[in-house]
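Please read these numbers as outputs of a predicted model, since none were measured by experiment. In what follows, every chain begins at residue 1, and chains take the letters A, B, ... in the order their sequences are listed.
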Amino acid sequence: MSRMPLPLDRHIKPKLVGYDPTRPRPGVERLAYTLFFGSLWALVVVAYGLVPALFRSQGWLDGALGFFFYAVIEALLAFGIAAVVALILIVVLRKYLGKVQERVGPMHYGPAGVLQTVFDALKLLGKEDFAPANVDPLIFRLAPAITFVSAFLMLVAVPVAGGWVMADLNVGLLFIVAASTLGAYGVVLGGLAQGGKWGMLGAFRAGAQLVSYEVPLALALLAVGVYSGSLRLSDIVEHQQGLWHVVPMFIPFLVYLVASIAELKSTPFDLPEAESELIGGFNTEYSGMSFAFFFLAEFVELFLLPALVVVLFFGGWHGPLFGLDPASFAAQALQSFYFLVKTAVWVWIFMWIRATLPRFRDDQLMDLAWKGLLPLALFGLILAAFLRMFVEVV
Amino acid sequence: MSLRFKTREEFDEVVYAVHPEDYRPLLEQLKGEGFDYPRNLTGMDLEYGLRVVVHLTRLADGAKVTVYTDVPYDAPELPSITDLWPGFEWFEREAYDLVGVRFRGHPDLRRILTEDHWTIHPLQKRYDTGGYELPGWQPKPWPEVADWEEAPEGDEGGEA
Amino acid sequence: MGLLGSEARPQNIIVGTLDDVINLARSRSLWPLTFGIACCAIEMMAAWTPKVDADRLGMFFRNSPRQADLMIISGTVNKKIASRVKRLYEQLAEPKWVVSMGACANQGGPFRQGYSVVEGVDKIVPVDVYVPGCPPRPEALLQGLLLLRDKIADRKLRYQQPRVALTDYDVFAEPGKDGRVPVL
Amino acid sequence: MRGPTQILPTDRADEMLINMGPQHPATHGVLKVVIGLEGERVTRAVPHIGFLHRNHEKIEEARTYPQIITYTDRMDYVSGLQNELPFILAVEDLLGVEVPDRAKYLRVIFFELYRLASHLVWLGTGMLDFGAITPFLYTFRDRERILEIVEKTAGARMLPNYFTFGGVRRDVHPDFFKDVADFLDFFEKRLPDYYALVLDSPVFQARAVGVGVLPKERAIARGASGPVLRASGVAYDVRKAEPYDAYPEIEFEVPVREEGDVYARFWVRFKEMEESIKIIRQAIEKTPKVGPYKGKVPARMKVKGSRYRAVEISRGHLGAHVVGDGTDRPYRIKHRSPSFANLQLIPDLLVGARFADAIAILSSLDPVFGEVDR
């Protein structure tokens, strides 16, 4: 008994939970959501609008040194956007799940619980980053980084407003496919490198699932590329000036929606993680910051895949401009606002699906990919080609 | 050879007290009579030996029977009835684990509730609640049943 | 240990402040391990459901011990599972805490004198908070978790976490040979 | 040998052995199953139990009869109150105690309330295994209302120790019948939600129909009981086969389904919830408004003789074999628990299924380890 410290805590009176679940605080929560959205929008305006405009107006981009600094600053801002998006989405998802499930979600730390994710991140920073004895150390450490970087890479090609894009690639669609495929590597390698059986099962499932759903996903993207006549994402958005792609490209839209939920590894396609079957699947043995990177990548993707839905099918940044000159700064800021609002709606739909459905079985998943989505995607591709010909003839 | 057993009525069921050598033949006969549902199998320590009690029922009309037999401490062996009612597989393992009755012909007679390396059968009366041997515990004399046509003495639920 | 030690309180004021911040974060983000043993596990689950909802205090279950901070021993620990409980505790990533929930985990509960029951989980793992009750109500568990939160974060308390179990209990001991006083 | 049981390495090159449990979210407690996997297909399944063995039967020999009721509560802790009944009925038989009518009906009401509570816990945790989180929160919210009603009368939530020899321990709270009626109205409105989230969900149907089929003969031979048996087409319900308390005077149906798959086991439990609502409504109507709630019981209970009684708890046929030697403590008590018998089906059902199906089958068997290991 002597090894126990003296009970110094006898004087502590635990603060009773002074919260009445029957009296929610919608005002505070609404304010918090507004702040979340506003801060994200501000960051986007700074990263996509102000910094490039500043560099261009001063002519710093001509020199090599100036371009180097520009690239570094942009990369940091992109990382900032990814981090802020993840921090916001984690707490929003938890609060939304709470709302669906008739509870309240995190609400005690910070007004309406907005600081919860900050505390989580700080805690994971201070947590032991443990590697079991039989891991492959290099790949074990590399896998979370690969997953996060691939999610982060996709952000570069997404246009948020007319002319506001970090890298306006002429092969933007292919770049997106390539970057999202890279993410599968991180998951598979992470599962295999940890030397545990649950991780291995998770890696097998992840490999099968992500590779299978890459195919219909790429075909759906290709259909959009064929229809709009360009692989550049900003051209695709411009092409939706009159009619959003969701109307003529409805079949590729459905294929993309299902395949992107599978890419996201969220229910009903969360087999690689499958918390109730495989403990944590590919991330079973990860702790501390390595785990945080997987977590972060998941939520960056939860932002980017809905953002691509908006870019490809829902008119991207298009919206009423109230007579503003489309090339002006104010108009571009307004366009980025439209883009973010549409993305937020789609993020909500993705969360809704996640909160409602049970999980598929692995063979049903494969059936859906190869027997259902692939023929549908091919049909969509042919349809897109016919529509393109029709548009060009008329 | 006729089976050596005694029957009596208790509440709503027929109770068979049976000689251990005729335990399995009697149960085979009952199985033939349509008692298809295994209700329960209890192993218990009577301080002169071990007893196995089998409760069966017939799903068709709800008739119930109870069969019990006693085996001595030095040879606690009975034939297994898992092939008649596979549902008794774990019940026999439990009776072996906790009371110490060994069932011949059981497909997988291992300990089930306690650890494999334990040596005691904790529900025997020679152990106290904590699993320690009671000091000065002595087994009682075996109540001889000379003629199975007479009621066996002192088998009414065990003696204190 | 993680980035910053939690037991040693350094003299350096900057590191000390950072330590406090990390401790604050740790106390506000306690993720328990999904490990229910017995009756108390149902009440433990009930503490995460709409009526009580411990998720609003930033706690949610992780299934892998590597990602959990906290282990709630919710039920009777018997001799067969004792070695597993000990191993799970060792698998938790540092820093880690243990909440003993219910009478059985505290000292054996109604089954205390039995041959197969470990008389309190503190014999095999160090325990930070004991929650009494059989089973404790979800609110009682929540109060225990709040106590743990305040223990971790309170600067004045200088809470020294127990690092070793109370006894070097032999988790494989057979009844009759485990050195307890016989019950007669 | 000291230490945990060693699992020998498999002798097949294409088989992988994994230890599922005792800490695994889908084992509903502390079951351990050694599963051999060939890809995603289960090639062998060896269950190991006993991780919650709490020497119920030994420690009850050292307790007096009224003390033992407290212990029986802790067997199937999800449907706590129901476990007291077989032991109490057996002792009442041996003592020849008469139970007054009011107590009989009160017992039925509480019994069925706990069946609802238990099936709600099963539904929530079972859907967690299927990957859906939301039903878990909904079912526990409804269960809280039941526990609040029980708490008002019995004083405790989960394990109230309320039944006693000759009746119930105290009379019900004045609001009791109104509370129960209110809850039933509320719960009837909730049931369509559960149907929509679970039974009618196409994803769930794809996972459950035709999975883990248990043939009728095998179910009977293995001694399966409760919804597992009735989903295989056997209409065996202890409430009908050997009626106890006020069940003979109450009209209800035993839901039976022939398929024997996971979907059938879910369906049977859903229908049982509906039947429970009917039973409680009838029992509230028929309960005598006044009258004793407890019969006459000898002050010094000297129980002699041997008796086996069974009741139908949420998981099936729970029996108590009480052997008394004429003192105030039992000579031997054996609890026959339904999940113990049902779990013997694990090798039958799991081998050949896919791994995700194995989880689904385990959740449809609905074991509670307090009663499996005792």
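- Chosen from D:R218, D:R332, D:E61, the residue pairing most often with chain B at heavy-atom distances under 4.5 Å is D:R332.
- For a residue to count as touching a neighbouring chain, one of its non-hydrogen atoms must lie under 4.5 Å from one of that chain's; by this rule D:N55 does not touch chain B.
- Salt bridge absent: D:D245 and D:K104 never bring a charged side-chain N and a carboxylate O closer than 4.0 Å.
- The shortest distance between side-chain heavy atoms of B:V54 and B:Y23 falls below 4.5 Å.
- For the pair B:D74 and B:P76, the tightest heavy-atom approach, listed with the atom from each and the gap, is C-CD, 3.6 Å.
- Contact check for B:H19 versus B:T69: no side-chain heavy atoms found under the 4.5 Å cut-off.
- With D:Y331 as the aromatic partner, B:K125 meets the cation-pi criteria of under 6.0 angstrom to the ring centre and within 45 degrees of the ring axis.
- Residues of residues 336-351 of chain D placed with any heavy atom under 4.5 Å of a heavy atom in chain B are listed by number as D:R336, D:F340, D:A341, D:L343, D:Q344.
- Residue B:D108: no heavy atom, backbone or side chain, is found under 4.5 Å from chain D.
- Comparing B:W90, B:F88, B:W85 by how many heavy-atom pairs each has under 4.5 Å with chain D, the most go to B:W90.
- In this structure, the side chains of D:V372 and D:L52 stay at 4.5 Å or more apart for every pair of heavy atoms.
- Proximity to chain D (any heavy atom under 4.5 Å) is restricted, for B:P122, to the backbone atoms N, CA, C and O.
- Within the 4.5 Å cutoff, side-chain heavy atoms of D:V254 are placed close to those of D:R230.
- Heavy-atom distances place the side chain of B:L59, and not its backbone, under 4.5 Å from chain D.
- Environment of CD in D:E98: sparse, with no more than 12 heavy atoms of neighbouring residues, nucleotides or ligands closer than 6.0 Å.
- Per-residue counts of heavy-atom pairs under 4.5 Å with chain D were compared for B:D36, B:T82, B:T114; the largest is that of B:D36.
- Contact annotation: the side chain of D:H321 approaches that of B:T42 to within less than 4.5 Å [non-hydrogen atoms, C-beta and beyond].
- For D:A221, the parts lying near chain B are the backbone and the side chain together; criterion is any non-hydrogen pair under 4.5 Å.
- Atom CD of D:E253 has 12 or fewer heavy atoms from other residues, nucleotides or ligands within 6.0 Å.
- Using a 4.5 Å heavy-atom threshold, the side chains of D:Y236 and D:I220 count as separate.
- Judged by the 6.0 Å and 45° rule, B:R126 forms a cation-pi pair with B:Y73.
- With rounding to the nearest 0.5 angstrom, the CZ atom of B:F35 is 10.5 Å from the CD atom of B:Q29.
- Of the residues considered (B:T66, B:D61, B:V15, B:D45), B:D45 shows the highest number of contacts with chain D, using heavy-atom pairs under 4.5 Å.
- Proximity to chain D is absent for every atom of B:R111, based on heavy atoms less than 4.5 angstrom apart.
- By number of non-hydrogen pairs under 4.5 angstrom with chain B, the leading residue of D:K240, D:K334, D:E57 is D:K334.
- Residue with the most contacts toward chain B among D:A235, D:A241, D:A310, D:A224: D:A224 (heavy-atom pairs, distance under 4.5 Å).
- The side-chain tip of D:R329 does not point at the ring of D:Y65 from less than 6.0 angstrom away and within 45° of straight on.
- Proximity to chain D among residues 96-105 of chain B is limited to B:L98, B:V99, judged by heavy-atom separations below 4.5 angstrom.
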Working for salt bridge (Lys or Arg N to Asp or Glu O under 4.0 Å), residues D:E60 and D:K58: CA-CA 5 Å; D:E60 282 165 9; D:K58 184 78 177 177; over 6 Å; no
